[in-house]
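We're numbering straight along the sequence, starting at 1. As the structure is a computational prediction, the values presented were derived from the model and not from experiment.
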Amino acid sequence: MDFLTLFLIYLCFVLTAIALLCICSGRKEGFLARSANGASQVLSFIIPTQLQRVTQRALHRLFHTRSCLFVVLHIALQAAVYGEYTWEVFVYCWELQFHLLFLLLPYLLLAGNMGCFILCSRANPGVITKSNHASLVKIYEYDGVLFQKGIVCPTCNMEKPARSKHCRFCNTCVHRFDHHCVWVNNCIGAFNAKYFFLYLFTLTAMAATIAIITAAFLIQVVLLSNMMHGSYVDDQGQEHAVEILFLIQHLFLTFPRIVFMLGFVILLTLVLGAYCCFSLYLALTNQTSNEWCKSRRYGCSHHLTLQPHDRQVVYENIYSRGVWMNLKEIFKPPSALERKKKT
């Protein structure tokens, strides 16, 4: 393999690992966090102290401060995938007379995705300030379990409205806080949740479309070469019919970058698709990622009751108002005036 192939393989593996880590970063005590802590304890006996300090500072700056690094990685990843798709897959498919609109679909999705990306990263997610605090505190009522009245943010020195949270990356409290997304370098809150949902959906559609077109191209190559009806001779001189494993090896040796890109975008489609389904579930049930993680500490019930201190508190999502109204709330966040009319 040439240097570019090896570099793309290494880049895709690294970015896939980072993507998986960032998707799961909303859970403070998740599996990845516990694994990282365990690994750091083991490596502390091997790595010199000075190097440990430098690594900790670098990781803290990377994962606990607002940075444009992941935006650059995001653009680099898209450029690598679309560069490979344009210069090889698109050209080959055009020669095989694939429909032009089918081949241009990834570019149309890319345009929509970049628009949603810009809107999501540049929009105000719902930063709570002294000027809008009085109106935002009236929008949602306190459920008495996840959000309790009278809790003051020690950093912002303001009472936290229900469904808000202080973001340690941006150092601000955000209305209807969902999570901080390092890929868009912004918090996801009440006022940009719709852009993030569309950004995630178009990103998943992009990966799936490129995977389908690339797979269709490789299948067409196999069919045109009539390879499935052929045979090969192994190292012992025995003749065998062509099998799937041999076919994959042959395609990888013939089109190494294309086959690896196909594997990468398939993996990306599965990961993003699962996350997209989870985000849709949260939208339809009127929950945020922050609320979903916090609610795992409590049981689920259809009735919220304030129980004595010696008994377990039962949590119910009081913000859900039906599937249609929950989905509508994502694209049109309620104001204090609308809440007042409904009550």
Next on the checklist: What verdict does the side chain to side chain contact (heavy atoms under 4.5 Å, CB included) test give for Leu282 and Ser289, after you've listed the backbone C-alpha separation in whole Å, the side-chain angles of each residue and the deciding distance to 0.1 Å?
Outcome noted: CA-CA 7 Å; Leu282 294 179; Ser289 298; 3.6 Å; yes
Checklist entry - Run the side chain to side chain contact (heavy atoms under 4.5 Å, CB included) check on Trp183 and Leu73 step by step: do they pass? => result CA-CA 8 Å; Trp183 295 108; Leu73 291 176; 4.2 Å; yes
Checklist entry - Given Asn171 and His166, is the side chain to side chain contact (heavy atoms under 4.5 Å, CB included) satisfied, shown in steps? => result CA-CA 7 Å; Asn171 200 31; His166 185 86; 3.2 Å; yes
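No side-chain heavy atom of Ile151 sits under 4.5 Å from any side-chain heavy atom of Glu159. Using a 4.5 Å cut-off on side-chain heavy atoms (C-beta onward), Cys156 and Ile128 make no contact. Using a 4.5 Å cut-off on side-chain heavy atoms (C-beta onward), Ile258 and Thr214 make contact. Side-chain atoms of Phe255 and Leu218, non-hydrogen and from C-beta on, do get closer than 4.5 Å to each other. Annotation: side chain of Leu119 is not in contact with side chain of Asn192 (no heavy-atom distance under 4.5 Å). Counting heavy atoms from C-beta on, the side chains of Cys187 and Phe169 never come closer than 4.5 Å. The closest side-chain heavy-atom distance from Glu291 to Ser295 is not below 4.5 Å. Asn317 places a side-chain heavy atom less than 4.5 Å from the side chain of Gln287.
Considering all non-hydrogen atoms of both residues, Val265 and Leu262 come closest at CG2-O, 3.2 Å. Taking every heavy atom of both residues into account, Tyr142 and Lys160 meet most closely at OH-O, 2.9 Å. The two atoms that bring Asp178 and Thr288 nearest to each other are OD2-CA, 3.4 Å, heavy atoms only. Nearest heavy-atom pair, Leu146 versus Lys294, reported as atom, atom and distance to 0.1 Å: O-NZ, 3.3 Å. Scanning all heavy atoms of the two residues, the minimum distance from Asn326 to Ala283 falls at CB-O, 3.3 Å. Shortest non-hydrogen contact noted between Cys276 and Leu200 is CA-CD2, 3.7 Å.
With side-chain heavy atoms closer than 4.5 Å counting as contact, directly or through intermediates, Leu253 stands alone and belongs to no larger hydrophobic cluster. Val323 belongs to a hydrophobic cluster whose remaining members, ordered by chain and number, are Phe197, Leu198, Leu280, Leu284, Leu327, Ile330, Phe331; membership requires side-chain heavy atoms of ILVMFWY residues under 4.5 Å apart, directly or through intermediates.
Side-chain contact, Arg176 with Asn286: a donor N or O sits under 3.5 Å from an acceptor N or O. Under 3.5 Å, the side chains of Ser121 and Asn186 contain no donor-acceptor pair of N or O atoms. Between the side chains of Thr129 and Asn132, at least one donor-acceptor pair of N or O atoms lies under 3.5 Å.
Phe196 and Phe278 fall within the same hydrophobic cluster, where Ile, Leu, Val, Met, Phe, Trp and Tyr residues are linked whenever their side-chain heavy atoms come under 4.5 Å apart, directly or through other members. Grouping the Ile, Leu, Val, Met, Phe, Trp and Tyr side chains by contacts below 4.5 angstrom, directly or via other members, places Trp94 with Tyr82. In the hydrophobic cluster analysis, where Ile, Leu, Val, Met, Phe, Trp and Tyr join through side-chain heavy atoms closer than 4.5 angstrom, Leu105 is grouped together with Val89. No continuous path of hydrophobic side-chain contacts links Ile118 to Val72 [ILVMFWY only; heavy atoms under 4.5 Å]. Note: the hydrophobic cluster containing Tyr195 does not contain Val174 (ILVMFWY, side chain heavy atoms under 4.5 Å, direct or indirect links).
Atoms NZ and SG, from Lys165 and Cys173 in turn, are 9.0 Å apart once rounded to the nearest 0.5 Å. The CD1 atom of Ile139 lies 9.0 Å from the CD atom of Glu329; values are rounded to the nearest 0.5 Å. Between atom CE of residue Met261 and atom CG of residue Leu268 there is a gap of 11.5 Å, rounded to the nearest 0.5 Å. Summarising the geometry, atom OG1 belonging to Thr209 is positioned 12.0 Å from atom CG belonging to Leu104; distances are rounded to the nearest 0.5 Å.
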Which pairs of donor and acceptor atoms, one on a side chain in residues 106-116, lie under 3.5 Å apart (sequence neighbours left out)?
from	atom 1	to	atom 2	distance (Å)
Tyr107	OH	Thr86	OG1	2.6
Asn113	OD1	Gln78	NE2	3.1
Asn113	ND2	Tyr199	O	3.1
Asn113	ND2	Thr202	OG1	3.0

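Here Phe98 pairs with Cys93, Leu96, Phe102, Leu103, Ala216, Gln220 under the side-chain contact (heavy atoms from CB on, under 4.5 Å) rule; sequence neighbours left out. Glu88 is linked by a salt bridge (charged side-chain N to carboxylate O under 4.0 Å, His left out) to Arg257, counting only residues two or more places apart in sequence or in another chain.
By the 6.0 Å and 45° rule, Arg163 stacks over the aromatic ring of Tyr319.
Aromatic ring centres of Phe117 and His74 lie closer together than 6.0 Å. The six-membered or imidazole ring of Phe217 lies near that of Tyr92, with a centre-to-centre distance under 6.0 Å.
Side-chain N or O atoms of Asn290 include none that pairs as donor or acceptor with a backbone N or O of Cys293 at under 3.5 Å.
Ring orientation note: the planes of His175 and Phe191 are tilted relative to one another, at an angle of 30° to 60°.
Residue pairs satisfying the salt bridge (Lys or Arg N to Asp or Glu O under 4.0 Å) criterion with at least one member in residues 180-197, sequence neighbours excluded, are absent.
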